[in-house]
Number of protein chains: 2
Amino acid sequence: MIKSLGQKEDHILQIAMQVFLEKGWHGTRMQEIADRAGINKAMLHYYFRSKERLYTTILEKLFIRFMNSLADSFKPGQDFATTLRTFLDRFHDHLLQNPNLPLFIVRELSEGGKIVKRVVEQVVNQQGLRTPQMMINEFKHAQKRGEIIPIEEPVQFLLTVIGACVYFFLAKPILNPVFPEIDFDSPQFIEQRKKLIFEHLYLGIKNREKNP
Amino acid sequence: MIKSLGQKEDHILQIAMQVFLEKGWHGTRMQEIADRAGINKAMLHYYFRSKERLYTTILEKLFIRFMNSLADSFKPGQDFATTLRTFLDRFHDHLLQNPNLPLFIVRELSEGGKIVKRVVEQVVNQQGLRTPQMMINEFKHAQKRGEIIPIEEPVQFLLTVIGACVYFFLAKPILNPVFPEIDFDSPQFIEQRKKLIFEHLYLGIKNREKNP
DNA sequence: GTCTATATCCTGATAGAC
DNA sequence: GTCTATCAGGATATAGAC
C-alpha cells in the first residue's frame, strides 16, 4: 500500500492533509483541497479516485508517523522514569505540531471508525504496532528491577498515560470558557503539563509523611 | 431555555437523542429521526424549527445531566481519597450507561464545535458549571489539611483524571486489535480501571522502599 | 494531463391542502 | 396539527473537449 508517489501527488497529499486536519472528513470539500493545491476538482479525482481513498491514505500516513515519533522514547537500559518522561515529551510535542490529530482520529472512531480500524489492523499486521507493546515491556522490566511497584494490569496504566496526554488536546476548545483564568495555549502550560503528569502518575499525590 | 415539553415533544426528543448520539451532527438525517419517531419530516420541523435547534436542545440536556451526575461526588467533610474514588465511580458508571457520549461530544468539537462551545458557555453562565470548580476546591482543601502534597496547578490534575476516564471510552473501538488478549467490555475491566486510576494517581507507582 | 460543464444525488426546509 | 410534494442549495464524481 505504501508506494512512492510522484512529486505532484505528494504535494496534493500535503495540502489535503492540512485541510482534513483542519476541517475533518465532513467539513472538508474536495473543492477546497483543489483550490489550495492550485488544481481543480477533476484533477483531484484523476489522481485519487475518491474522497475516501484520499482520506484513507492520509490517515495511514498520520498514524504511522505518530507511532514512529513515539517509538523513539524506548531505549534499552533506560530507567522507567526517564522513559516515561521522554514519552510524555514526545507525545506532547507531536500533538503540538499536529493539534488536530487527536480530534481527527477520534472523529473517525465516532463515525464507526471503519477506516481507522482498517488502518490500525493493517499497521498492526504490518509492523506489529510495536509502540504500545514496547511501553508494556518497559513497564514489566521496571517492575522486575524494583523501580516501580507491581501493577495488576500494565495496559491500564498505559491507558491512563495516553488519556492524560490526549484529553487536553481534545478538550482545549471548551476549556477556556470553563477556566477563563488559565492560558491553555501558552508553552508554559504544556511544559507544566508534561512535568505534572509525570509527577502525579509516578510519585502520586498522597502526602506520605503526614498520612502513613 | 429549559421549558417543560409536551409528551410528544419529549418522545421525539428521546428518539432524536438516540440518533444524534449514534450518528453525530452530520451523520444524522432529519428523515431518520422522523421515521424512528413515527412522524414525518414536516412535523419534525413543526415542533423544532430546525436541525440545529433540535441538536442544541439535546446537547444541553446531555451535558447538564452528565455534570449533575458527577456533582454528587462532592460531599463536605469527606476526605479527598473518598471524593476521588466516588468521582471515578460516577464518571465510569455514567459513561457505561451513555457509551456514545464521549465520542459524541468530541466529534462535535472536531467539526468546529461551535454549538458545543455555545452550550458550554451558556451552561457556565447559567449555573456556574460548579462541577469542575468543586473538584478544584476539594483539591485545595485536601492540600491545606495535609492529606495530599502541594500541587502547582490543580487544573492539571483534574485534566489528567478526566483524561484517564474518558480516553478509554474513546479508544475502545481500536483497543481490541492492539490488545487482543484483553476483554475491554467486561465489567471486571471497568472495575479494575476505577481502582487502578485511583491507585496510580493517588499513590503513584514508584517503589519508595527500594528507591528512596 | 488538464480543464469546463454537467450529471446525479442527497438533505434541510417549506408551501399549501386537509 | 398533520401530511404530500417540492424547492433550493450543495456535494461528489464524471463526460468529453483540448
Side-chain angles (χ1 to χ4, degrees), chain A residues 3-60 104 107-108 110-116 118-119, chain B residues 3-60 104 107-108 110-116 118-119:
Chain A
K3 54 193 169 192
S4 63
L5 298 168
Q7 256 190 334
K8 194 147 192 174
E9 279 101 326
D10 206 58
H11 174 239
I12 298 174
L13 222 50
Q14 294 302 324
I15 302 286
M17 195 178 287
Q18 288 171 25
V19 181
F20 272 122
L21 277 172
E22 278 175 36
K23 310 281 180 86
W25 165 259
H26 279 109
T28 293
R29 308 291 157 219
M30 296 296 269
Q31 186 64 59
E32 181 168 357
I33 296 175
D35 289 348
R36 286 212 223 172
I39 58 172
N40 58 38
K41 272 193 301 179
M43 284 314 298
L44 208 50
H45 281 89
Y46 173 76
Y47 282 113
F48 310 88
R49 281 183 59 83
S50 69
K51 187 179 178 180
E52 185 172 327
R53 266 176 189 271
L54 185 55
Y55 186 75
T56 306
T57 309
I58 288 170
L59 197 61
E60 201 176 296
F104 183 70
R107 172 186 27 222
E108 240 300 303
S110 75
E111 283 166 9
K114 268 176 288 187
I115 302 181
V116 159
R118 203 173 58 225
V119 170
Chain B
K3 53 194 171 191
S4 63
L5 298 167
Q7 257 191 332
K8 194 147 192 176
E9 279 101 324
D10 206 59
H11 173 240
I12 299 174
L13 222 50
Q14 294 302 324
I15 302 285
M17 193 179 286
Q18 289 171 23
V19 182
F20 272 122
L21 277 172
E22 279 175 35
K23 311 280 180 84
W25 165 258
H26 279 109
T28 293
R29 308 291 155 223
M30 295 297 268
Q31 185 65 60
E32 181 169 355
I33 296 175
D35 289 348
R36 286 213 223 171
I39 58 173
N40 57 39
K41 270 198 302 180
M43 285 313 297
L44 207 49
H45 281 88
Y46 173 77
Y47 282 113
F48 310 87
R49 281 184 61 81
S50 68
K51 186 180 180 182
E52 184 172 325
R53 265 174 189 273
L54 185 55
Y55 185 74
T56 305
T57 308
I58 287 169
L59 200 59
E60 202 176 294
F104 177 71
R107 171 172 31 199
E108 239 298 304
S110 77
E111 284 168 7
K114 267 175 289 186
I115 302 181
V116 160
R118 204 173 58 223
V119 170

_Which residues pass the side chain to side chain donor-acceptor pair (under 3.5 Å) test with N40(B), not counting sequence neighbours?_
none

*asked:* Rounding to an integer number of Å, can you tell me how far L54(B) CG sits from dA13(C) P?
replied: 10 Å

*Could you encode protein contacts along nucleotides 11-18 of chain D as a string, one character per nucleotide from 5' to 3', using B for base contact, S for sugar-phosphate-only contact and - for no contact, with a heavy-atom cut-off of under 4.0 Å?*
SBBB----

*Could you state the CG-P distance from N40(B) to dT6(D), rounded to the nearest angstrom?*
16 Å

_If you define the side chain from C-beta out and look only at heavy atoms, does anything of Y47(A) sit under 4.5 Å from R53(A)?_
no

*Figure out the CG/P separation between D35(B) and dT4(D), and round it to whole Å.*
12 Å

*Once you round it to whole Å, what is the distance between P of dT4(D) and CD1 of I39(B)?*
13 Å

*Rounded to the nearest 0.5 Å, what separation is found between the CD atom of E52(B) and the CH2 atom of W25(B)?*
5.5 Å

*Which pairs pass salt bridge (Lys or Arg N to Asp or Glu O under 4.0 Å) with one or both residues in residues 38-47 of chain B, sequence neighbours excluded?*
none

*How many angstroms lie between OG1 in T28(A) and OH in Y55(A), if you round to the nearest 0.5 Å?*
8.0 Å

Tell me which donor-acceptor pairs under 3.5 Å the side chains of residues 29-39 of chain B have, and how far apart each pair is, sequence neighbours excluded?
{"residue": "R29(B)", "atom": "NH1", "partner": "H26(B)", "partner atom": "O", "Å": "3.0"}
{"residue": "R29(B)", "atom": "NH2", "partner": "H26(B)", "partner atom": "O", "Å": "3.0"}
{"residue": "Q31(B)", "atom": "NE2", "partner": "D35(B)", "partner atom": "OD1", "Å": "3.0"}
{"residue": "E32(B)", "atom": "OE1", "partner": "K23(B)", "partner atom": "NZ", "Å": "3.0"}
{"residue": "E32(B)", "atom": "OE2", "partner": "K23(B)", "partner atom": "NZ", "Å": "3.1"}
{"residue": "E32(B)", "atom": "OE2", "partner": "R36(B)", "partner atom": "NE", "Å": "3.4"}
{"residue": "E32(B)", "atom": "OE2", "partner": "R36(B)", "partner atom": "NH2", "Å": "2.9"}
{"residue": "R36(B)", "atom": "NH2", "partner": "E22(B)", "partner atom": "OE1", "Å": "3.0"}

*Value rounded to 0.5 Å, distance of CG in L59(A) from CG in L54(A)*: 11.0 Å

_Between C1' on dT2(C) and CE on M43(A), what's the gap in Å once rounded to a whole number?_
6 Å

*asked:* So, using side chain to side chain donor-acceptor pair (under 3.5 Å) as the criterion, who are the partners of T56(B) when residues are at least two apart?
replied: R118(B)

*Rounded (10°) bend between the five-pair end axes of the helix from dG1(C)-dC18(D) to dC18(C)-dG1(D)*: 20°

